[in-house]
Asks: 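Before we start, here is the structure in question, set down as structure tokens.
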Amino acid sequence: MPTFSEWLLPSLPSTMPTNERVFGYSPVNSSPCCRPIRARLDFSALRHNFSVARAYAKETKLWAVIKADAYGHGQFAAARALDGLTDGYALLESEVAVALRERGHRQPILLLEGFFAPEEVARIVQYDLTPVIHSRNQLEMLAAAHSRPAHVYLKIDTGMNRLGFASQDTDAVRQQLERLGICQITLMTHFADADSREGFAAQLEEARQLVDRANLPWSFANSAALMKHPESLGGWARPGIMLYGGSPFGATPGHTAAELGLRPVMTLESRLVAMRTVGAGERVGYGGTWQAKTDTPVGVVACGYADGYPRHAPTGAPIAVAGVLVRTLGRVSMDMIACDLRDVPEAKVGSPVTLWGSGEGGAVDADVLAEAAGTISYELFCALAARVPRIYENL
Ligand SMILES: *Cc1c(COP(=O)(O)O)cnc(C)c1O
């Protein structure tokens, strides 16, 4: 009986990295395996988008939000690409923050939800991290700790009703923090509606009153507020999605990513692996949800929901083949999608396809696809599956 690792890694040279031996490719910076799907990550676009954020907020320092593995783009690669540009990084896990420190990043690091367990406090102090304090529970953990961070973000709930202290408790919590020897306090809130008007004005008003009363530094703005509400820019803003080339306003005309000057960082691309003519009256895919009215040339793309493509994308979702923007047909399968090739007479097996982003296959705005699938580009990026090889460019 072979050992587990012999069984797992059959007859491939042991000099090959484990990822490549197990999966046939390395998920990071790989030469992709033969199935043609890949995600290209263009970090020059990330730097470009960061400079767009800078231009909106010239007097404001920026936390580059790299939570959720930099919205699926690779947190260490994103941090590296923004090193020397960003004023700090914002993310969730203290372990990731420590890994950034160990990679030599000296900038401030904001832990957007603070700490989850008492043993994290010592690590926060040791690695000079800035935690958000949003709950009494965290105050108790701080009180019990042997040492405490010098600087915290005090999160106030102004209407999101998720995390944060009530506005009227701000003074009391501040005094408690000061009694614990924490005197560098920045007020923080998060907007529920920065991409629209309703709700936003009330939240901003409540937050501004707090700032006036407390006379503390503050940080309110996410991407949407940063671009749309300059009055919400405090000392520090927290752009996320815009850095990755998604519009916080979705596919809203006038506010698309391209119109905001943002460039896609992630391009999900593949190729046609089969073609056929589907006769009038015939159907395509599971459930036969799409039926041909006339004989229709149909392409099959090597990409499905197991790659992170949204299964809810209906017939008509945008997809680009050989430079032409066309539409998907029928249901998304685990490993395949069908598309309409009537406008692409030159299409052949092997023709390049862009699922989202911009590449050899053409351009598809991730926000337009997301809207068609009833979601947001944030989710498309974060859901990119582990099996898709990543190609890191311009890092
Ligand atoms: C995710 C997050 C952001 C970034 O939001 P975007 O809409 O991606 O710009 C900012 N602040 C907090 C607290 C967050 O959790």
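Each residue takes its place number in the sequence, starting with 1. When a ligand or atom number is given, it counts from 1 through the structure's own listing order.
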Asks: Look at ligand 1 and say whether Glu113 reaches it with a heavy atom at a distance under 4.0 Å.
Replies: no

Asks: Can you tell me which residue and heavy atom of the protein come closest to atom 12 (C) of ligand 1, and the distance to 0.1 Å?
Replies: His190 CE1, 3.4 Å

Asks: Can you check which of Met242, Met227, Lys67, Arg238 brings a heavy atom nearest to atom 2 (C) of ligand 1?
Replies: Lys67

Asks: Please check: side-chain N/O of Arg148 versus main-chain N/O of Ala143, any donor-acceptor pairing under 3.5 Å?
Replies: yes

Asks: Would Gly240 count as being in polar contact with ligand 1, using the rule that some N or O on each side must be under 3.5 angstrom apart?
Replies: yes

Asks: Between Arg327 and Asp343, is there a side-chain N and carboxylate O pair less than 4.0 Å apart?
Replies: no

Asks: Taking distance alone, with no angle check, do Ile241 and ligand 1 share an N/O pair under 3.5 Å?
Replies: yes

Asks: Run the numbers for me: atoms of ligand 1, each under 4.0 Å from some heavy atom of Met188, listed by number.
Replies: 13 (C)

Asks: Looking only at distances, please establish whether an N/O atom of ligand 1 is found under 3.5 Å from an N/O atom of Tyr71.
Replies: yes

Asks: Donor-acceptor pairs under 3.5 Å, side chain of residues 102-125 to any protein atom, not counting sequence neighbours: which ones?
Replies:
from: His105; atom 1: ND1; to: Asp83; atom 2: OD1; distance (Å): 2.9
from: His105; atom 1: ND1; to: Tyr89; atom 2: OH; distance (Å): 3.4
from: Gln107; atom 1: NE2; to: Asp83; atom 2: OD1; distance (Å): 2.7
from: Glu120; atom 1: OE1; to: Phe116; atom 2: N; distance (Å): 2.5
from: Glu120; atom 1: OE1; to: Ala117; atom 2: N; distance (Å): 3.1
from: Glu120; atom 1: OE2; to: Ser94; atom 2: OG; distance (Å): 2.6
from: Arg123; atom 1: NH1; to: Ser94; atom 2: OG; distance (Å): 2.7

Asks: Output yes when Arg136 and Glu140 qualify as a salt bridge under the 4.0 Å nitrogen-oxygen rule, no when they do not.
Replies: no

Asks: Any nitrogen or oxygen of Ser223 lying under 3.5 Å from a nitrogen or oxygen in ligand 1? Just yes or no.
Replies: yes

Asks: Only distances under 3.5 Å count here; give the side-chain donor-acceptor pairs of residues 64-73 to other protein atoms, sequence neighbours excluded, each with its distance to 0.1 Å.
Replies:
from: Asp69; atom 1: OD1; to: Gln75; atom 2: N; distance (Å): 2.7
from: His73; atom 1: ND1; to: Ala70; atom 2: O; distance (Å): 2.9
from: His73; atom 1: ND1; to: Tyr71; atom 2: O; distance (Å): 2.9

Asks: May I ask you to test the Cys303-Val353 pair for a side-chain heavy-atom distance under 4.5 Å?
Replies: no

